[in-house]
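Below, each value reflects all heavy atoms present in this structure, side chains not excepted, and no hydrogens, waters or symmetry copies. This chain uses plain numbering: 1 for the first residue, then up along the sequence.
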Amino acid sequence: PDIIVASGVHKRYGSFEALKGVNLNVRAGEVVVIIGPSGSGKSTFIRTINRLEPHEQGTITVDGVELKDGQNLDLIRREVGMVFQSFNLFPHLTVLQNLMLAPTRVRKQPKAQAEARALELLRRVGIEEQAGKYPAQLSGGQQQRVAIARALAMDPKIMLFDEPTSALDPEMIKEVLDVMKTLAGSGMTMLVVTHEMGFAREVADRVVFFDQGNIVVDTTPEQFYTNP
Ligand code: ADP
Ligand code: ADP
């Protein structure tokens with residue numbers, strides 16, 4: 001069964017229809033790259049998957065749970081991790097504290113357990129040495145890797161990425177994409193809004209193209225990048 005089933009999803013901002021009946025099914029473990037012009041609804045769509053935006057018509061089911069109004073919000077936030085273009089770390093918390101906050105507060109994990117897991121995740125994204133630093137003391141690439149680790153600390157089943165490398169200097173893009181590649185290789189279900197064609201070609205199982213609030217192409221990267 002598909003882990004994400006979006007069917008006929010509509011979303012308006014006032015009189016502007018940002019999503020016009022989007023359909024998308026995603027299997028567990030699939031990596032779907034989302035591309036399309038600015039303003040076509042990519043960001044809005046992935047934000048409906050974790051309830052940052054409510055949708056108005058259509059249905060969205062995540063891991064068998066239908067997303068409706070305010071229902072199951074806690075469950076969805078736990079199962080669906082998100083990484084933004086701007087790293088959105090808590091500036092007054094250290095890297096380690098950033099990773100421990102949700103597991104201890106939301107999941108009520110014992111501190112020692114949350115800390116051990118946080119350090120393991122920081123090791124995985126290659127920044128364990130920075131655990132005691134504050135976000136402002138890190139490079140953009142390091143901050144984004146912390147943001148990924150922080151999302152993973154909740155043990156999500158799905159990870160959403162909204163232009164995760166767009167705010168980074170070129171030399172830092174690769175270190176973030178490498179972490180994402182490893183994550184994809186581990187079987188994580190991922191929806192990734194990105195302009196990184198290399199990532200799409202190498203890592204994506206599918207490429208979906210948004211235009212004016214709808215998915216107009218849904219195909220393999222091979223098809224997408226060879227047949228204009
Ligand atoms: P994309 O991610 O493809 O660039 P978005 O989903 O961010 O597109 O935005 C789709 C459209 O919806 C754009 O025209 C944008 O200006 C509009 N939009 C997005 N968020 C809001 C909002 N909170 N209020 C009003 N309009 C919005
Ligand atoms: P991104 O390109 O990363 O999606 P945006 O600059 O489009 O970021 O949007 C940043 C924030 O502003 C989002 O919360 C989005 O919902 C909101 N937003 C985007 N477009 C509009 C708009 N036309 N009116 C009001 N809010 C908007």
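For the atom pair CD1 (Ile127) and CD (Gln144), the distance works out to 10.0 Å, reported to the nearest 0.5 Å. Atoms CD and CG, from Gln71 and Leu75 in turn, are 11.5 Å apart once rounded to the nearest 0.5 Å. Note that OG1 of Thr165 and CE of Met180 are 7.0 Å apart. Values are rounded to the nearest 0.5 Å. For the atom pair Ser7 OG and Glu66 CD, the distance stands at 9.5 Å (nearest 0.5 Å). Note that CG of Leu121 and CD of Glu128 are 11.5 Å apart. Values are rounded to the nearest 0.5 Å. Taking CD of Glu56 as the start and NE2 of His10 as the end, the distance is 9.5 Å to the nearest 0.5 Å.
In this structure the side chain of Phe45 never reaches within 4.5 angstrom of the side chain of Asn214, judged on heavy atoms. Between Met82 and Ile158, the closest side-chain pair of non-hydrogen atoms is not below 4.5 Å. When side chains are defined from C-beta on, Val208 does not count as touching Val33, because their heavy atoms never get closer than 4.5 Å. When side chains are defined from C-beta on, Arg206 counts as touching Leu24, because their heavy atoms get closer than 4.5 Å. Two residues are said to be in side-chain contact when any heavy atoms from C-beta on lie closer than 4.5 Å; Met172 and Ser139 meet this criterion. Put simply, the side chain of Pro135 does not reach to within 4.5 Å of the side chain of Gln142, judged on heavy atoms. Taking the side chain as every heavy atom from C-beta outward, Leu67 and Arg51 approach each other to under 4.5 Å. With contacts defined as side-chain heavy-atom distances shorter than 4.5 Å, the pair Val26/Thr189 qualifies.
The closest donor-acceptor contact from the side chain of Thr194 to the backbone of Glu196 lies under 3.5 Å. No side-chain donor-acceptor contact under 3.5 Å links Arg145 to the backbone of Arg124. Not a single donor-acceptor pair under 3.5 Å links the side chain of Thr61 to the backbone N or O of Gly64. Between the side chain of Glu163 and the backbone N or O of Val193, no donor-acceptor pair lies under 3.5 Å. A distance-only check finds no donor-acceptor pair linking the side chain of Glu30 to the backbone of Asp205 [under 3.5 Å]. Of the possible polar contacts, none joining the Lys11 side chain to the Thr48 backbone as a donor-acceptor pair under 3.5 Å is found. For the pair Lys108 (side chain) and Arg105 (backbone), a donor-acceptor distance under 3.5 Å is present. At least one donor-acceptor pair under 3.5 Å links the side chain of Gln137 to the backbone N or O of Tyr134. Between the Thr94 side chain and the Gln97 main chain, a donor and an acceptor come within less than 3.5 Å of each other. Asn50 contributes no side-chain N or O that, together with a main-chain N or O of Val80, makes up a donor-acceptor pair within less than 3.5 Å.
By the rule that hydrophobic residues join a cluster once side-chain heavy atoms approach within less than 4.5 Å of another member, Val106 and Leu93 end up as members of separate clusters. In the hydrophobic cluster analysis, where Ile, Leu, Val, Met, Phe, Trp and Tyr join through side-chain heavy atoms closer than 4.5 angstrom, Ile173 is grouped together with Leu138. Under a hydrophobic-cluster definition in which Ile, Leu, Val, Met, Phe, Trp and Tyr are linked whenever side-chain heavy atoms come within less than 4.5 Å, directly or via other members, Phe84 and Met154 are assigned to different clusters. Side-chain heavy atoms closer than 4.5 Å link hydrophobic residues (I, L, V, M, F, W, Y) into clusters, and following such links, even through other members, never connects Val62 to Leu152. One hydrophobic cluster holds both Leu52 and Val9 under the rule that ILVMFWY side chains link at heavy-atom gaps under 4.5 Å.
Cation-pi geometry between Arg150 and Phe90 is met: the NZ or CZ atom falls under 6.0 Å from the ring centre, inside 45° of the normal.
Closest heavy-atom contact between Glu175 and Glu171: OE1-O, 4.3 Å. Closest of all the heavy-atom pairs between Pro221 and Ala204 is CG-O, 3.2 Å. Here the closest heavy-atom approach between residue Pro103 and residue Ala153 is recorded as CG-O, 3.7 Å. For the pair Leu122 and Ala149, the tightest heavy-atom approach, listed with the atom from each and the gap, is CD2-CB, 4.4 Å. In terms of heavy-atom proximity, Ala200 sits nearest to Val207 at CB-CG2, 4.5 Å. Taking both residues in full, the closest heavy atoms of Leu96 and Ala118 are given as CD1-CB, 3.6 Å, listed atom of the first, atom of the second, then distance.
Under 4.0 Å is where a charged nitrogen must lie from a carboxylate oxygen, and between Glu120 and Arg117 at least one such pair does. Using a 4.0 Å cut-off between a side-chain N of Lys or Arg and a carboxylate O of Asp or Glu, Lys181 and Glu202 qualify as a salt bridge. A salt bridge is absent between Asp74 and Arg78; no separation between the charged side-chain nitrogens and carboxylate oxygens falls under 4.0 Å. Residues Asp2 and Arg27 are not paired through a salt bridge, judged by the lack of any N-O separation under 4.0 Å between the basic side chain and the carboxylate.
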Please walk me through it: do Phe161 and Ile46 pass side chain to side chain contact (heavy atoms under 4.5 Å, CB included)?
-> CA-CA 8 Å; Phe161 294 85; Ile46 66 167; over 6 Å; no
CA sep, side-chain torsions, deciding dist, call: Phe209, Ile215, side chain to side chain contact (heavy atoms under 4.5 Å, CB included) = CA-CA 6 Å; Phe209 187 90; Ile215 292 175; over 6 Å; no
Would you check, one step at a time, whether the test side chain to side chain contact (heavy atoms under 4.5 Å, CB included) holds for Gln212 with Ser40?
-> CA-CA 5 Å; Gln212 297 183 43; Ser40 58; 6.0 Å; no
From CA spacing to verdict: side chain to side chain contact (heavy atoms under 4.5 Å, CB included), Met159, Leu183 | CA-CA 9 Å; Met159 285 282 286; Leu183 187 60; 4.2 Å; yes
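A donor and an acceptor atom, one from each side chain of Tyr13 and Glu53, are located under 3.5 Å apart. Checked by atom type, the side-chain pair Asp162/Ser43 shows a donor-acceptor distance below 3.5 Å. A donor atom on one side chain and an acceptor atom on the other are found under 3.5 Å apart for Lys133 and Gln130.
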